[in-house]
There are 2 protein chains.
Amino acid sequence: MSLRHAVLGMLADEPGSGYDLLKRFERAMGNVWSATQSQLYGELGKLETAGMIRVHAEGPRGRKEYEITDTGLEELRHWLLEVDPRSAPRSGSLLRVYFLGSVSPDQARGYLATMGEVAKEREKRLAEVESSVDWDESNESFYGRLVLEWGKRYSAMQRDWAEWAIDQIK
Amino acid sequence: MSLRHAVLGMLADEPGSGYDLLKRFERAMGNVWSATQSQLYGELGKLETAGMIRVHAEGPRGRKEYEITDTGLEELRHWLLEVDPRSAPRSGSLLRVYFLGSVSPDQARGYLATMGEVAKEREKRLAEVESSVDWDESNESFYGRLVLEWGKRYSAMQRDWAEWAIDQIK
DNA sequence: TATGACATGTAACTAGTTACATGATTCA
DNA sequence: TGAATCATGTAACTAGTTACATGTCATA
């Protein structure tokens, strides 16, 4: 149950409405987690019921701005420090590679080439994020940069691997 | 819906029972996808109803050995070649990094160190798989090796990144 | 005044997890 | 004969997706 913790983490950085959080998912955090609008509003409701967040301001158009409570902060820290971070790996694109024996070598190379392209696009997008975000001295910026660097290394790895893999298919 | 395709892909390599497939998930494919026993048997039932697999032999203890049908092979190829492989990224361990500002620098370093350890364990496990599997000339072996190489590169990247990240925290 | 961004919610579905339940076969 | 492994299934739950539904506010 990580959406819950993503929401708590974002609200620990700064309060915001469901709409705000959705933007933040799309923008900075989209690389490592995503959520649909529907799921997000549902989770906000549950977190409020559980006393982990509370409405601290209301705005126009029914806007409800949430902030994290002490209970919520406690839950966030518990998750960060005491819950085993290992999770079931789930990579659809790598899963496909296993089964490329079911198509022709040319088609297999084509698939791997697409994987390489996707990695390149990702690198490009991350470079844009890097230059467009104004990195201040906040914790959010600091750890955000660590995650960004991870994304860059990951994309580069994937690109190199895809090129290598294409060469392996005679 | 990738479990369905994982099952089709495995049965395209060779027929097997639910129990067999479960072993294969744990063993070779665990790095990129996993499934619970419960989910697997459910999916086998649905695939049989859909005419994508069929029971081709029965054994002791109610064992049902499935094989893929032409309809199933068609579905597998469709998925491999025509379905956009991009999927929502979902990395719980990286998500946590975003929020390390909510704990002390020491605790943050501790978390990153754990990530590095996990990567090292993974490298070790993959090395064991590499030496224990008998890599023949089959397609399954060939593409399996590509995936294994990906895992090795991924783990090495993660380990290096974790070491770098720890150094960033003053 | 109409368009686009802001803003929230619900219903119905698919995917995945955890726990329970049962029984057969092998082999030490 | 007892333990490990083989083997399948169901029930109840949580997580995530897609589609629908509604309305407000700013501004061009």
Side-chain angles (χ1 to χ4, degrees), chain A residues 1-8 10-11 15-27 29-30 32-50 52-66 75 79 83-84 86-92 95, chain B residues 1-8 10 15-27 29-30 32-50 52-53 55-66 75 79 83-84 86-92 95:
Chain A
M1 205 200 322
S2 283
L3 174 64
R4 151 158 302 190
H5 301 106
V7 169
L8 290 173
M10 287 192 281
L11 293 179
S17 65
Y19 194 84
D20 293 339
L21 297 179
L22 206 61
K23 297 286 140 179
R24 288 167 78 183
F25 267 120
E26 280 164 14
R27 185 180 146 276
M29 221 143 52
V32 294
W33 205 268
S34 63
T36 58
Q37 174 262 1
S38 171
Q39 200 192 355
L40 188 47
Y41 283 106
E43 195 61 45
L44 286 169
K46 285 180 215 158
L47 282 166
E48 194 185 5
T49 303
M52 294 188 185
I53 62 176
R54 84 169 73 87
V55 175
H56 86 118
E58 303 202 15
R61 283 164 289 200
R63 177 186 170 90
K64 290 192 280 185
E65 209 162 275
Y66 292 95
E75 171 61 24
W79 174 71
V83 176
D84 190 333
R86 263 159 289 206
S87 52
R90 205 139 257 148
S91 169
L95 179 63
Chain B
M1 206 200 319
S2 282
L3 174 64
R4 152 158 299 192
H5 300 106
V7 169
L8 289 174
M10 287 193 284
S17 66
Y19 193 85
D20 292 339
L21 296 178
L22 206 60
K23 297 287 140 179
R24 288 167 78 183
F25 266 121
E26 280 164 15
R27 185 178 145 280
M29 220 141 53
V32 294
W33 205 269
S34 62
T36 58
Q37 173 263 359
S38 173
Q39 199 192 356
L40 188 47
Y41 283 106
E43 195 61 46
L44 286 169
K46 286 180 215 157
L47 281 166
E48 194 183 6
T49 303
M52 294 188 184
I53 62 176
V55 176
H56 86 120
E58 303 201 16
R61 282 163 291 201
R63 177 186 171 91
K64 290 192 281 184
E65 209 162 275
Y66 292 96
E75 171 61 24
W79 173 72
V83 176
D84 190 332
R86 263 159 288 208
S87 53
R90 205 140 259 147
S91 168
L95 180 63

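Being a predicted model, the structure only gives us computed values, none of them experimental. Order of the sequence lines sets the chain letters (A, B, ...), proteins ahead of strands, with each chain counted from 1.
For the pair G42(B) and R90(B), both in contact range of DNA chain D, the more 5′-proximal nearest nucleotide belongs to G42(B). Residue-to-nucleotide proximity on DNA chain D shows that, of R4(A) and E65(B), the 5′-proximal contact is made by E65(B).
Distance CD (E58(B)) to C1' (dC6(D)): 16 Å, rounded to an integer number of Å. When rounded to the nearest whole Å, the span between CH2 of W33(A) and C1' of dA15(D) equals 9 Å. For the pair L21(A) CG and dG9(C) P, the interatomic distance rounds to 13 Å; values are reported in whole Å. The interatomic distance linking L22(B) (CG) with dC6(D) (P) rounds to 11 Å, in whole Å. In this entry the distance linking CG of L40(A) with P of dT8(C) reads 9 Å, nearest Å. Separating the CD atom of E48(B) from the P atom of dT8(D) is a distance of 12 Å, rounded to the nearest angstrom. Regarding L95(A), its CG atom lies at a distance of 15 Å from the C1' atom of dG16(C), rounded to whole Å. The distance between atom OH of Y19(A) and atom C1' of dG23(D), rounded to the nearest whole Å, is 14 Å.
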L21(A) and Y66(A): CA distance, side-chain angles, deciding distance, side chain to side chain contact (heavy atoms under 4.5 Å, CB included) verdict
CA-CA 10 Å; L21(A) 297 179; Y66(A) 292 95; 6.0 Å; no
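Between M1(B) and W79(B), the closest side-chain pair of non-hydrogen atoms is not below 4.5 Å.
When each of dT18(C), dA7(C), dG9(D) is scored by its nearest atom to the side-chain atoms of T36(B), the top-ranked nucleotide is dT18(C). Candidate nucleotides dA7(D), dG9(C), dT17(D) were compared by shortest atom distance to the side chain of R63(B), and dA7(D) ranks first. Side-chain proximity of M1(A) to the nucleotides dC6(D), dA15(D), dC6(C) is greatest for dA15(D). Nearest nucleotide to the side chain of Q37(A), out of dT10(C), dT17(C), dT8(D): dT10(C).
Counting non-hydrogen atoms under 4.0 angstrom, E43(A) reaches nothing in the nucleic acid.
Using a cutoff of 4.0 Å between basic side-chain nitrogens and carboxylate oxygens, K64(A) and E58(A) are not scored as salt-bridged. For the pair E48(A) and K46(A), the salt-bridge criterion is not met [side-chain N within less than 4.0 Å of a carboxylate O].
Phosphate contact (OP1/OP2 of dG23(D), side-chain N/O of R61(A), threshold under 4.0 Å): absent. For K23(A), no side-chain nitrogen or oxygen approaches OP1 or OP2 of dA5(C) to under 4.0 Å. Within the 4.0 Å cut-off from OP1 or OP2 of dG9(C), not a single side-chain nitrogen or oxygen of Y41(A) is found. Checking the phosphate oxygens (OP1, OP2) of dA15(D), no side-chain nitrogen or oxygen of Q39(A) falls inside 4.0 Å. Listed pair K46(A) / dT14(D) fails the phosphate criterion, with no side-chain N or O lying under 4.0 Å from OP1 or OP2.
When all heavy atoms of Y19(B) and Y41(B) are compared, the pair lying nearest together is N-OH, 3.4 Å.
Between the side chain of T49(A) and the main chain of G45(A), a donor-acceptor pair closer than 3.5 Å is present.
Contact annotation: side chain of S38(A) to base of dA11(C), donor-acceptor pair present below 3.5 Å.
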